[in-house]
Protein chains: 2
Amino acid sequence: MTTIKDVAKRAGVSTAVVSAVISGARGNVRMSEATRLRVEHAIRDTGYRVNHAAQSLRLSRSGVIAAVVPKIANPVFELAIRGMHAAAEEHGDVLLLADALWIEPGSHLMSRIVGTGMVDGVLLRSTQWGNETAEELTKRSIPYVILQNPRPDDSVSVWIDDAAGIGLAATHLLGLGHRRIALVGGPLVQIASSARLDGYRSALRAAGVRFDRSLIKQVGYEPPDLATATRELLGSARPPSALIVDNIVAASGAIAAILDLGLRIPDDLSIVVYQDLPAADTMRPAPSTVRMPVQQAGMRAYTTLRRMIDGRRVKSALVTRPAPKLIDRGSTAPYAG
Amino acid sequence: MTTIKDVAKRAGVSTAVVSAVISGARGNVRMSEATRLRVEHAIRDTGYRVNHAAQSLRLSRSGVIAAVVPKIANPVFELAIRGMHAAAEEHGDVLLLADALWIEPGSHLMSRIVGTGMVDGVLLRSTQWGNETAEELTKRSIPYVILQNPRPDDSVSVWIDDAAGIGLAATHLLGLGHRRIALVGGPLVQIASSARLDGYRSALRAAGVRFDRSLIKQVGYEPPDLATATRELLGSARPPSALIVDNIVAASGAIAAILDLGLRIPDDLSIVVYQDLPAADTMRPAPSTVRMPVQQAGMRAYTTLRRMIDGRRVKSALVTRPAPKLIDRGSTAPYAG
DNA sequence: TCGCAACGTCCTTGATCGTGGTCATGCCGC
DNA sequence: GCGGCATGACCACGATCAAGGACGTTGCGA
């Protein structure tokens, strides 16, 4: 392996000068232009790369950020990850992705990345082991940002406006004349779901429609669970004429249930799906969706974490831009009575 | 941060003893049972964790493996990643996941993980920048394993039997009496696609059916491309009665095209999709699929790479167990024409 | 039985990995 | 002789390991 010494020898200078060239002369080391060029030439010739271990050891920072999401293959999280990655790349950090399943308490990965200095901070979008992980991080005083509605404690969060998103879906359907609008899916945990429910209720209230608790099914994100919940809703005495599905990853379950009952979309039932994906275009029926600034939230979460690591003060933040947008793919129709 | 020195001081021994306790006395240092217990106690009391940077620097190995896949959110790759992760976790390694998009030549991530000693090796399942990356790795003599059909060069590969998988799909349809079976999707690059094509042709040959080039559409993995190809096939003068779709992630494109044409599955057209996923159960229509040992291939790729890193001799390997299996979800019917 | 060397056990010391920052030194012009 | 600039020697970062030291035990010959 070529080290900084090899480069120094080749350029005929000391290692301090090479170090200064690499870092853009951040110390008090000055050098002539000629020297700098000679060093840069030597770096190119030898293909020298800074040794990551030595650098982290010396600086006590690794330039690696861990990102923990509940499920890596979830395309909505992929958007968030893409945002985090873009921001990290720009700053020069590397993202260490982990599925929440991998970091269950006591897992090897958890103990390898926490407390060993392997990562400078953690981006946490995890429902599963979120609390245990957050506690562990706090105990070891490792900076972290939670990608989710803020929790009661004083940890830092970055989140998107679920209330506004669900509210937009409801408003769209109300505008088409629907009055019995069901809401199916969504998290089982209390905090986040209440935001979604709030958005739904506010939209109804604004339209002067009475809230009916029986039209709400918060059953989590597993397609089979959504299928069951959807069947129950549609099989009830007074079925809804429209459906808001939270969210797009599990929507296949709801859609399957609808088609299995012989109902047509949007003729017999209008549906709007919360969260948008490029893949929605090739789903059949193609669902109208609400597009949220997920990628932007990922970027914001990273920049917030970066500021924390740099010792600057940060606040939790709600990401509202671009504003939620309804993407119409024709899965909704005016209420036909 | 607590270091090995703190632990040593607390236990009243030198750092070398602590190091020996941690590593299970791999060096030439012996100690009494009492001393070992005292040290272990001190480690527990202080919550000490080995500093990753210092350890990597000293041992010149990081215990981190990079895994590069074309698209992280691809659920088939997720299976492979899960296999890699399980195997890595068992050995004590950490996986650094990267989307191929992130490592385009000259990207920051690429230069950070290659040549800096940040990772001990790379698992490469990448079509996009695969060649450039492989070259770079070879140049820097970083061990890597390619998760794909072997290439002409002498790099190490681990792959699954695409020929057998596609062959199984074809055989199933042939057994139902179909004679005009189309094959749509699949990679655009030559090497892998020929294996798939071989499987298809062998199955036809075994059944005494003539190969018809016009029934093959190798158009890559984008759903819209599959939709177009499927429309062309079904709109031709002599349309197929059955369709093999490669693969499940892009299958939505083909299925959308079929439904858009007003055709019913399996009444008007039988389809089998290559590669299986849990999510296939909630797709509508639910496709019959061919399940491949993808996760096992991921594990095998990791263990192979691990052996390379440890300096042992390895060979490319075809993962055949469990054997490809056809999962019947009712999307195929006997030939009625 | 005693003395001394040889040996074994348990542990410590010090060098080392590659970087980065501090500080001292040398040199130049004035 | 002095200020300022360019440069290089040196040490710390934390963990590991080879070398070796302290101490006790054993073996063996006198």
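Residue numbers begin at 1 in each chain, while the letters A, B, ... track the order of the sequences.
Distances from the side chain of B/Ala54 to the nucleotides C/dG18, D/dA15, D/dG8 place D/dA15 closest. You'll find that the side chain of B/Ser14 is closest to C/dT13, out of C/dG18, D/dG14, C/dT13. Distance from the side chain of A/Thr3 is smallest for C/dG18 among the nucleotides C/dG18, D/dG8, C/dT12. Closest contact between the side chain of A/Leu59 and the listed nucleotides C/dG21, D/dG14, C/dT19 involves C/dG21. If you check C/dC17, C/dT12, C/dT19 against the side chain of B/Leu57, the one that comes closest is C/dC17. Listed nucleotides: D/dT7, C/dT12, C/dG21. Nearest to the side chain of A/Val17: D/dT7. Each of D/dA15, C/dC11, D/dT7 was ranked by its minimum atom distance to the side chain of B/Tyr48; first place goes to D/dA15.
For the pair A/Thr15 and C/dG20, the criterion of a side-chain N or O lying under 4.0 Å from OP1 or OP2 is not met. In terms of phosphate contacts, A/Gln55 brings no side-chain nitrogen or oxygen within less than 4.0 Å of OP1 or OP2 of C/dG18. Contact check, B/Ser32 against C/dC11: a side-chain N or O comes under 4.0 Å of OP1 or OP2. Between A/Ser19 and C/dG20, a side-chain N or O to OP1/OP2 separation shorter than 4.0 Å is present.
A heavy-atom distance below 4.5 Å is found between the side chains of A/Arg300 and A/Thr303. At least one side-chain heavy atom of B/Arg306 sits less than 4.5 Å from a side-chain heavy atom of B/Asp310.
One can place NE2 of B/His52 at 13 Å from C1' of D/dG14, the figure rounded to the nearest angstrom. The CD1-P distance, from B/Ile4 to C/dT12, rounds to 12 Å in whole Å. Going from atom CG of A/Asn51 over to atom C1' of C/dC17 covers 8 Å, rounded to whole Å. Taking atom CE of residue B/Met31 and atom C1' of nucleotide C/dT12, one finds them 13 Å apart after rounding to whole Å. One interatomic measurement links the two molecules: CD1 of B/Ile22 to P of D/dA15, which rounds to 7 Å at whole-angstrom precision. Rounded to an integer number of Å, the gap from B/Ile43 CD1 to D/dA15 P is 11 Å. Summarising the geometry, the separation between CZ on A/Arg38 and P on D/dA6 is reported as 13 Å, rounded to the nearest angstrom. When the C1' atom of D/dG14 is taken as reference, atom CE of A/Met118 falls 15 Å away, rounded to whole Å.
Nucleic acid contact class of B/Val18 (heavy atoms, under 4.0 Å, all strands): none. Backbone-only contact: A/Gly12 has heavy atoms under 4.0 Å from sugar-phosphate atoms and none from a base.
Take the nearest nucleotide of DNA chain D for A/Arg58 and for B/Arg49: the residue whose nucleotide is more 5' is A/Arg58. The 5' end of DNA chain C is approached more closely, in terms of each residue's nearest nucleotide, by B/Arg36 than by the other of B/Arg36 and A/Val50.
Applying the 6.0 Å contact sphere to CZ of B/Arg125 captures more than 12 heavy atoms from other residues, nucleotides or ligands.
With hydrogens and angles ignored, the 3.5 Å screen pairs a side-chain donor or acceptor of B/Thr46 with a backbone N or O of B/Ala42.
Residues passing the ring pair (Phe, Tyr, Trp, His ring centres under 6.0 Å) test with B/His52: none are found, sequence neighbours excluded.
Using modelled atom types, one finds a donor on one side chain and an acceptor on the other under 3.5 Å when comparing A/Asp93 with A/Tyr302.
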